[in-house]
**Student:** 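My questions will all concern the structure given below.
Order of the sequence lines sets the chain letters (A, B, ...), proteins ahead of strands, with each chain counted from 1.
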Protein chains: 2
Amino acid sequence: MAKVLKTKDKILNAAERLFADQGFELTSLRQITGAADVNLASVNYHFGSKKALIQAVMERYHAQFMPELDERLKTLEGQGINSTEEVLSCFVGPLLSLQRINPLGTEIYLSLLGHAYSEIQGHLRRFTMQNFGHVVQRFFHCIQQANPHLSVATLFWRLHFTLGATVFAQVSGQALSEIAQADFGESATAEDIVGKLIPYLAAGIGAAEVSASARL
Amino acid sequence: MAKVLKTKDKILNAAERLFADQGFELTSLRQITGAADVNLASVNYHFGSKKALIQAVMERYHAQFMPELDERLKTLEGQGINSTEEVLSCFVGPLLSLQRINPLGTEIYLSLLGHAYSEIQGHLRRFTMQNFGHVVQRFFHCIQQANPHLSVATLFWRLHFTLGATVFAQVSGQALSEIAQADFGESATAEDIVGKLIPYLAAGIGAAEVSASARL
DNA sequence: CGCCGATTAAAACAGGCGTTTAATTTAAAC
DNA sequence: GTTTAAATTAAACGCCTGTTTTAATCGGCG
């Protein structure tokens, strides 16, 4: 069973793939319906509009990822937090479990986030904070506990640098992996990249604070 | 003198602004010529095509930035390299001197890079390596000297994470600065952000290498 | 079977895109 | 002042976009 997908799911699967590769605005409904092998009008029939389709694609991933992340952060908080690595590692499981939606779910989700972030900056951030603001706050709180020596402002900036490095790494992860393969025979899956990323991010977040007078 | 700009420069100035904000494909020639207050056809008259306009916009910044960076890296190599911060700091001057092209030149250049990177990944990277590959190699060599304990593969990945964090920070820098202003009364210019970024990036690049067995 | 709501299908809609054409205006050289 | 090339302009080109409309088809139920 579950061999033949309904039209709605065929659209979602084709759309998330193309959105992740090209961004939302650069992907046309004709591309999506062509790849999904369904009629053009079926997008508007099942979802109402392109914008609603985008939200449906994001929702499927958010709904899987956010509660799982929240769970792990909550558990860690209960145990006491000692290092940034611990906190960042809470992301690994939830990110990898996105592969239950799609074998490439991890890359796709982070790519979607990256495109959403840069295409409709304020809009998405507002949406995310409204719907999952408590998860973001919990994460921030965990990072604060792991880095009590750092100011709130410093952590704010460093967490956004972290988001940038993560999203960017995944968006161009495949291309980079091909280069790495050619240059020194080392390819990397999305999971591999996350493993390389975490020590880097943790060190960056926890770096000693520089005084304003210590100019470069 | 130099009070009234020629059509060609009016186009370039309007285009770089819109390209940086929205990306290349999402910016239309009608937007550009409307903002520049020139006729639509003048883009094709002066530049030949939209693609050629994009290259002209990038070229103006590359030509200013790359030689200056190369100069500083060369000087540093001559003095001997001790820390990652030293190497990263070589970017600050050349980035800030882009403000001679445009007061917002630093943000614009990094935004352009980010959009170019994610819109035409392979294409731009190939172009950059062909034209400025020696600068990239020199930079990589500097980073290697500053981090002799790290493998080439590790540095490869970490430098791309670094590029991601930098580009992302600048692309969404203004929006983040507004949030920071609202949340804890601290705004930030592009220069401020670079100052916050460098200790973060240097710590990430120089983080202790983790063995493959040390799973998260 | 005949019905009937749900779904799919093909076609057309208005609007935006990059580009091209042809006519006009500008400005410098003689 | 006339000539000539450069620059600007308005209009149209063909193509692609998201959306809507209208008709055809499918599936379960009485």
**Student:** Does B:S42 make a side-chain N or O approach to OP1 or OP2 of D:dA7 shorter than 4.0 Å?
**Tutor:**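 No, because none of the side-chain N or O atoms of B:S42 sits under 4.0 Å from OP1 or OP2 of D:dA7.
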
**Student:** In terms of side-chain heavy atoms, does B:Y200 have a donor or acceptor partner in A:T162 at a distance below 3.5 Å?
**Tutor:**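 The criterion, which ignores hydrogens and geometry beyond distance, is satisfied for A:T162 and B:Y200.
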
**Student:** Atom CG of A:N44 to atom C1' of D:dT19: distance rounded to whole Å?
**Tutor:**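 About 5 Å, once rounded to whole Å.
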
**Student:** Can you measure A:L40 atom CG to D:dG18 atom P for me and round it to whole angstrom units?
**Tutor:**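 Computing the A:L40:CG to D:dG18:P distance gives 8 Å.
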
**Student:** Specify whether B:Y61 and B:Y109 have parallel, tilted or perpendicular ring planes, treating 30° as the upper limit for parallel and 60° as the lower limit for perpendicular.
**Tutor:**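 Rings of B:Y61 and B:Y109: parallel, under 30°.
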
**Student:** Just how far, in rounded Å, is C1' of C:dG18 from NE2 of B:H46?
**Tutor:**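 Interatomic distance, NE2 of B:H46 to C1' of C:dG18: 17 Å.
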
**Student:** May I ask you to verify if any side-chain N or O of A:S49 is less than 4.0 angstrom from the OP1 or OP2 atom of D:dG18?
**Tutor:**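 No.
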
**Student:** Are a donor atom and an acceptor atom from the side chains of B:R60 and B:N102 found within less than 3.5 Å of each other?
**Tutor:**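 Their side chains do not contain a donor-acceptor pair, so the 3.5 Å distance test is not met.
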
**Student:** Report the distance from atom NZ of B:K50 to atom P of C:dG16, rounded to the nearest whole Å.
**Tutor:**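 Nearest whole value for this atom pair: 15 Å.
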
**Student:** Could you check A:Q31 against A:Y45 and say which one's nearest nucleotide on DNA chain D is further toward the 5' end?
**Tutor:**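 By nearest-heavy-atom nucleotide position, the 5'-most residue is A:Q31.
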
**Student:** Between atom CG in A:N39 and atom P in D:dT25, what is the gap in whole Å?
**Tutor:**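 Taking atom P of D:dT25 as the reference, CG of A:N39 is at 14 Å.
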
**Student:** Give the rounded distance in Å between these two atoms: CG of A:L26 and C1' of D:dT17.
**Tutor:**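 About 12 Å, once rounded to whole Å.
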
**Student:** For the pair made of CZ in A:F47 and P in C:dT8, what is the distance, rounded to whole Å?
**Tutor:**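 Distance check: A:F47 CZ to C:dT8 P gives 11 Å.
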
**Student:** So what does A:T33 hit on the nucleic acid, given a heavy-atom distance under 4.0 Å: a base, only sugar-phosphate, or nothing?
**Tutor:**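 If one applies the 4.0 Å heavy-atom cut-off, A:T33 turns out to touch nothing in the nucleic acid.
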
**Student:** In plain terms, say whether A:R138 and A:D70 are close enough for a salt bridge, that is, a side-chain N and a carboxylate O under 4.0 Å apart.
**Tutor:**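 Looking at A:R138 and A:D70, the cut-off is met.
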
**Student:** What nucleotide, of C:dT19, D:dG18, C:dT21, holds the atom closest to the side chain of B:L29?
**Tutor:**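 Comparing C:dT19, D:dG18, C:dT21 against the side chain of B:L29, the answer is C:dT19.
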
**Student:** Any side-chain N or O of A:S28 below 4.0 angstrom from OP1/OP2 of D:dT17?
**Tutor:**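 Checking D:dT17 against A:S28, a side-chain N or O does come within under 4.0 Å of OP1 or OP2.
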
**Student:** Between A:I11 (CD1) and C:dA9 (C1'), how many Å, whole number?
**Tutor:**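 It works out to 13 Å between those atoms.
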
**Student:** Using a strict cut-off of less than 4.0 Å between a Lys/Arg side-chain nitrogen and an Asp/Glu carboxylate oxygen, indicate whether A:E68 and A:R100 qualify as a salt bridge.
**Tutor:**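 Yes, A:E68 and A:R100 are salt-bridged.
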
**Student:** Report the residue (A:D37 or A:R30) whose heavy-atom-nearest nucleotide on DNA chain C is the more 5′ of the two.
**Tutor:**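 Its nearest nucleotide being more 5', the pick is A:D37.
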
